[in-house]
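Worksheet for the structure shown next.
Keep in mind that this is a model prediction, so the values were computed, not measured. The figures that follow rest on heavy atoms only: side chains count, while hydrogens, waters and symmetry mates do not. Order of the sequence lines fixes the chain letters, A, B, ..., with proteins taken first and strands second; residue numbering starts at 1 for each chain.
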2 protein chains.
Amino acid sequence: MNKKVKIRKTLANAGLKATVQRLVILETLTDNFSHPTAESIFKKIKKDYPSISLSTVYNTLEVFRKHGIVRIVNTDSVTVRYDSVTDTHHHIFFEGNNKIEDYYNPELDKLLQKFFLKNKIPNIEINELQVQIKGKHIRIQAN
Amino acid sequence: MNKKVKIRKTLANAGLKATVQRLVILETLTDNFSHPTAESIFKKIKKDYPSISLSTVYNTLEVFRKHGIVRIVNTDSVTVRYDSVTDTHHHIFFEGNNKIEDYYNPELDKLLQKFFLKNKIPNIEINELQVQIKGKHIRIQAN
DNA sequence: ACCGAGTTAATAATCGTTCTAAATTAGAAA
DNA sequence: TTTCTAATTTAGAACGATTATTAACTCGGT
């Protein structure tokens, strides 16, 4: 299925009108794996579509979040970053260059689920387990 | 060892002057397991020590963070929350009431370390693995 | 093509955090 | 104990990110 059609379908499934702004914001987000900020999404879009407003980007991202179309990535900076992938996955935080990457590993998910099934925490019904992997970006040695 | 003495020692070890403000901020933080915000630390202290400034709280927390005395807890809200426990541990995020609790489990740490030793991620030298446990607070059934 | 609810744009307001510069203070040295 | 100085604190301004407001616009159903 074509990308644009997919995006339209996502909006329709959520019961959201397919406005130009929503289409372009969601497309920007799905094309970018860098977990952009609202501001950087705005700037990227502004080039091809100068009439877009920053508040529309904020509003739209919040609407998307409420509908589970995007999620917020937890960083230790003040600004919020977005991710259009909402299924179970983890995040790699590269020290220094401020990059964030997705990390998928169903085996890890299973391992964690199993662990918390055995080691029940009282008073909580877990619905998400997410690992934050933090470290330094290194170059692989050629030898 | 007495609590106040311990706090003085922590500051001395970091090479930081033991000012009243630092002592009281660090004490507030170590007494509170609720991962407070800068603002809420400020308010708590203000009662007994009305001359404290909000910027001092911000400054001091940043100094502490740089010296590894406190760490920032990643939430998906805009405001930053602090934790005076800096050794390896995980966080439980309770949905709804906005509470955050520490979760210790050396077995989990070992499990994760072992996992990532087997499943190496290219280009990264991992120095922290932290699990975010998210879920609903529930009441245990009495039967 | 028209209508109405939903959406957007522009901008003001707010919130949390950082910066600035002058006043104060801890702690080393005399 | 007093003096000195660099470190620290204070108050408030400035800043940057986000949210709220409201009038104008538009999508999609008729």
Compile the donor-acceptor pairs under 3.5 Å between side chains in residues 91-103 of chain B and protein atoms, sequence neighbours left out, one pair per line.
from, atom 1, to, atom 2, distance (Å)
His91(B), ND1, Gln130(B), NE2, 2.9
His91(B), NE2, Asp83(B), OD2, 3.0
His91(B), NE2, His89(B), NE2, 3.2
His91(B), NE2, Asp102(B), OD1, 3.1
Glu95(B), OE2, Asn127(A), ND2, 3.1
Asn97(B), OD1, Lys99(B), N, 3.2
Asp102(B), OD1, His35(B), NE2, 2.8
Asp102(B), OD1, His89(B), NE2, 3.0
Tyr103(B), OH, Asn105(B), ND2, 3.1

Glu39(A) meets the side-chain hydrogen bond (donor to acceptor under 3.5 Å, both in side chains) criterion, sequence neighbours left out, with none

Check DNA chain C against residues 49-60 of chain A and give the residues with a non-hydrogen atom under 4.0 Å, in numerical order.
Tyr49(A), Ser51(A), Ile52(A), Ser53(A), Ser55(A), Thr56(A), Thr60(A)

Closest contact, heavy atoms only, Leu108(A) versus Leu112(B):
CD1-CD2, 4.0 Å

Which residue pairs satisfy the side chain to side chain donor-acceptor pair (under 3.5 Å) criterion with at least one member in residues 108-119 of chain A, sequence neighbours excluded?
His90(A)-Asp109(A)

Nearest-Å distance for atom pair CZ/C1', residues Arg65(A) and dT18(D)
13 Å

Report the distance from atom CG of Leu11(A) to atom C1' of dT7(C), rounded to the nearest whole Å.
13 Å

Within the 4.0 Å heavy-atom criterion, would you say Val63(B) contacts the bases, only the backbone, or no part of the nucleic acid?
nothing

Rounded to whole Å, how long is the line connecting atom CD of Glu62(A) with atom C1' of dA20(D)?
13 Å

Are Phe64(A) and Tyr82(A) connected in a single hydrophobic cluster, I mean Ile/Leu/Val/Met/Phe/Trp/Tyr linked by side-chain heavy atoms less than 4.5 Å apart?
yes

Got a donor-acceptor contact below 3.5 angstrom from the Arg22(A) side chain to the Lys17(A) backbone?
yes

I need the full list of salt bridge (charged side-chain N to carboxylate O under 4.0 Å, His left out) pairs touching residues 23-34 of chain A, with sequence neighbours left out, sorted by first then second residue.
Lys3(A)-Glu27(A), Lys3(A)-Asp31(A), Lys4(A)-Glu27(A)

Which residues satisfy the side-chain hydrogen bond (donor to acceptor under 3.5 Å, both in side chains) test with Thr75(B), sequence neighbours excluded?
Ser77(B)

Please examine the side chains of Lys44(A) and Asn32(A), heavy atoms only from C-beta on, and report whether any two atoms are closer than 4.5 Å.
yes

What's in the same ILVMFWY side-chain cluster as Tyr104(A), cut-off under 4.5 Å, chained through other members?
Val85(A)

Scan residues 13-41 of chain A against DNA chain C and write down, sorted by residue number, each residue with any heavy atom closer than 4.0 Å; if none is found, say none.
Lys17(A), Thr19(A), Gln21(A), Arg22(A)

Taking five pairs at each end of the helix from dA1(C)-dT30(D) to dA30(C)-dT1(D), what angle separates the two helix axes (nearest 10°)?
30°

Listed by chain and number, what are the side-chain hydrogen bond (donor to acceptor under 3.5 Å, both in side chains) partners of Asn74(B), not counting sequence neighbours?
Gln132(A), Lys134(A)

Give a yes or no on this: more than 12 heavy atoms of other residues, nucleotides or ligands lie within 6.0 Å of atom NZ of Lys46(B).
yes

dT17(C) C1' sits how many Å from Phe42(B) CZ, rounded?
14 Å

Strictly below 4.0 Å, heavy-atom distances to any atom of DNA chain C: list the hits from residues 69-78 of chain B, or just say none.
none

Please enumerate all residues that pass side-chain hydrogen bond (donor to acceptor under 3.5 Å, both in side chains) together with Arg8(B), with sequence neighbours excluded.
none

